[in-house]
Protein chains: 2
Amino acid sequence: MQSVAYKMQGNILHFLFLAMSLQHALLTSLIEKSSSGYELARRFDKSIAYFWHATHQQIYRELARMEQQEWVTSSIVAGGRAGKRLFEVQPAGREELRRWASEAGEPGELRDEMMLKLRADAAIGPLGLSDEITRRLQLHEIKLRNYREIEASDFSEAKPSRETQIRYLILKAGIAFEEGRITWSQDALATLSRMQ
Amino acid sequence: MQSVAYKMQGNILHFLFLAMSLQHALLTSLIEKSSSGYELARRFDKSIAYFWHATHQQIYRELARMEQQEWVTSSIVAGGRAGKRLFEVQPAGREELRRWASEAGEPGELRDEMMLKLRADAAIGPLGLSDEITRRLQLHEIKLRNYREIEASDFSEAKPSRETQIRYLILKAGIAFEEGRITWSQDALATLSRMQ
DNA sequence: CCACCCATGTAACTAGTTACATGATTTC
DNA sequence: GAAATCATGTAACTAGTTACATGGGTGG
């Protein structure tokens with residue numbers, strides 16, 4: 001959250017803030033595998049989507065910024081489709097990733113609309129939220145099943161590598177989160193039906 | 001997430017999207033108690049801050065927008081400090097709150113930087129994240145203790161009202177979240193130290 | 001030849017953050 | 001009379017969203 005650099009743009013002095021994380025997520029993803037913006041967007045949806053979503057527009061914008069800062073370079077792929085560019089992380093990008101990782105940060109917020117809707121229900125009377133809670137409960141159950149499948153297929157080795165163990169930790173955070181939401185949703189449904 | 005209205009502004013036709021939630025959080029807060037923007041910001045930090053933070057600048061901006069839409073009105077307080085305005089919710093505001101509550105929505109994302117840092121650690125080698133995880137573990141423990149105190153003081157009645165039961169549900173979501181993070185952090189610390 | 005996926009991008013917005021600014025009232 | 005708190009706001013940014021636009025390649 002501290003400003004660490006500034007530059008001129010037009011006539012306006014302005015500060016760059018370096019608590020941004022989408023860039024760091026992309027750097028990590030590109031270190032794992034150099035890719036085009038499109039591939040990155042697809043992979044992001046699959047691997048980071050446990051806890052984050054980003055649109056392709058955002059990703060292209062951040063890639064352009066990172067290229068300006070020389071954290072990544074891009075080159076047009078010969079054999080690929082017209083215009084396809086391969087992004088690769090440069091030493092400055094790796095450096096930045098290390099710097100960012102050692103920074104302190106805030107734990108993320110929960111930011112769940114349902115909590116607001118419950119407050120509204122308490123304030124202006126029954127709003128019939130049970131259906132929506134049931135819908136969400138099902139979504140959480142589907143997510144949890146997916147995670148459990150990944151767990152069974154990717155993390156059952158006897159002697160997992162360091163990398164595998166870390167990726168498992170991340171998955172377990174997702175599993176715990178979904179389980180928590182499921183338990184809570186069931187509690188909420190029981191409470192609401194008891195009161196109706 | 002659907003567009004439901006449009007209007008002219010300058011020469012540009014543009015759409016209004018009504019999935020916004022800060023306005024609905026403020027409407028609920030104002031129904032509970034009509035307040036000035038300043039009081040609202042303080043109260044927001046206390047009651048909604050389990051899962052959401054908003055700055056006073058954001059709150060004043062949304063209050064101005066809601067006044068334009070006639071969801072709230074404001075009047076200068078006679079006895080108060082110079083310029084103090086009391087905001088009150090109008091029927092259109094209550095109507096809007098009901099409409100929004102019956103809408104379907106997406107469950108919130110987790111969006112935790114630490115997961116990204118762990119991925120980076122897996123990709124470019126040990127980054128020494130244990131200290132930061134320990135720091136966060138302590139933050140979660142403090143939050144949990146606070147929630148447990150609120151639980152003991154506000155939610156021990158034998159026959160809680162509907163409103164109290166709903167507010168307790170919201171608190172329990174916060175408690176479950178913090179407990180989940182604590183358990184996960186301990187697991188992560190154990191895994192990292194085993195590998196080091 | 002048509003639909004679908006790959007691939008890149010612009011325009012224009014809404015939401016959230018940070019810095020700066022001002023002044024009144026209460027408390028010590 | 002100085003510091004803390006109450007109270008409102010502007011300016012200027014960064015982050016994220018939605019709509020629109022374009023075109024090539026692949027599979028049926």
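Order of the sequence lines sets the chain letters (A, B, ...), proteins ahead of strands, with each chain counted from 1. In this text the structure is predicted, and so the values were computed from the model without any measurement.
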Can you measure [X] atom [atom1] to [N] atom [atom2] for me and round it to whole angstrom units?
{"X": "A:Leu26", "N": "D:dG16", "atom1": "CG", "atom2": "P", "value": "10 Å"}
{"X": "A:Leu86", "N": "C:dA7", "atom1": "CG", "atom2": "C1'", "value": "13 Å"}
{"X": "B:Ile48", "N": "C:dG16", "atom1": "CD1", "atom2": "C1'", "value": "16 Å"}
{"X": "B:Glu62", "N": "D:dT8", "atom1": "CD", "atom2": "C1'", "value": "16 Å"}
{"X": "B:Arg65", "N": "D:dG9", "atom1": "CZ", "atom2": "C1'", "value": "15 Å"}
{"X": "A:Gln23", "N": "D:dG16", "atom1": "CD", "atom2": "C1'", "value": "14 Å"}
{"X": "A:Leu63", "N": "D:dG16", "atom1": "CG", "atom2": "P", "value": "14 Å"}
{"X": "A:Gln58", "N": "C:dG9", "atom1": "CD", "atom2": "P", "value": "16 Å"}

Are [X] and [N] close enough that a side-chain N or O sits under 4.0 Å from OP1 or OP2?
{"X": "A:Arg85", "N": "C:dG9", "result": "yes"}
{"X": "B:Tyr60", "N": "D:dG9", "result": "no"}
{"X": "B:Gln57", "N": "D:dG9", "result": "no"}

Between D:dG9, D:dT17, C:dT17, spot the one nearest the side chain of A:Arg61, thanks.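 Of all the options, the side chain of A:Arg61 is nearest to D:dT17.
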Which residue pairs pass the ring-ring contact (aromatic ring centres under 6.0 Å, His included) test when at least one of the two sits in residues 115-173 of chain B, sequence neighbours left out?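 Sorted result for residues 115-173 of chain B: B:Tyr50-B:Tyr147, B:Phe155-B:Tyr168.
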What pairs meet the ring-ring contact (aromatic ring centres under 6.0 Å, His included) rule with one or both residues in residues 172-196 of chain B, with sequence neighbours excluded?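 Qualifying pairs: none.
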Solution key, residues 126-133 of chain B side-chain donor-acceptor pairs under 3.5 Å, sequence neighbours excluded:
residue, atom, partner, partner atom, Å
B:Glu132, OE1, B:Arg135, NH1, 2.5
B:Glu132, OE2, A:Gly105, N, 3.0
B:Glu132, OE2, B:Arg135, NH1, 2.9
B:Glu132, OE2, B:Arg136, NE, 3.3

Can you name the ring pair (Phe, Tyr, Trp, His ring centres under 6.0 Å) partners of A:His56, sequence neighbours left out?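 Expected list: A:Tyr60.
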With sequence neighbours excluded, tell me which residues meet side-chain hydrogen bond (donor to acceptor under 3.5 Å, both in side chains) with A:Arg145.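 So A:Arg145 forms no side-chain hydrogen bond (donor to acceptor under 3.5 Å, both in side chains) with any residue.
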Partner set under side-chain hydrogen bond (donor to acceptor under 3.5 Å, both in side chains) for A:Arg148, not counting sequence neighbours: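 For A:Arg148, the residues satisfying side-chain hydrogen bond (donor to acceptor under 3.5 Å, both in side chains) (neighbours in sequence not counted) are A:Glu151, A:Glu179.
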Where along residues 29-46 of chain B does a heavy atom fall under 4.0 Å from DNA chain C?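 Close to the strand, none.
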Under the side chain to side chain donor-acceptor pair (under 3.5 Å) test against A:Glu96, which residue among A:Arg94, A:Arg99, A:Arg98 passes?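 Single pass found, and it is A:Arg99.
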Using side-chain contact (heavy atoms from CB on, under 4.5 Å) as the criterion, list what pairs up with A:Ser36, not counting sequence neighbours.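 A:Ser36 satisfies side-chain contact (heavy atoms from CB on, under 4.5 Å) with A:Tyr38, A:Glu39, A:Lys84 once adjacent residues are dropped.
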Derivation of the salt bridge (charged side-chain N to carboxylate O under 4.0 Å, His left out) call for B:Glu62 and B:Arg65: CA-CA 5 Å; B:Glu62 297 308 330; B:Arg65 285 178 187 170; 3.2 Å; yes
Take nucleotides 21-28 of chain C nucleotide by nucleotide from the 5' end and write B, S or -, depending on whether a protein heavy atom sits under 4.0 Å from the base, only from the sugar-phosphate, or from neither. ---BBS--
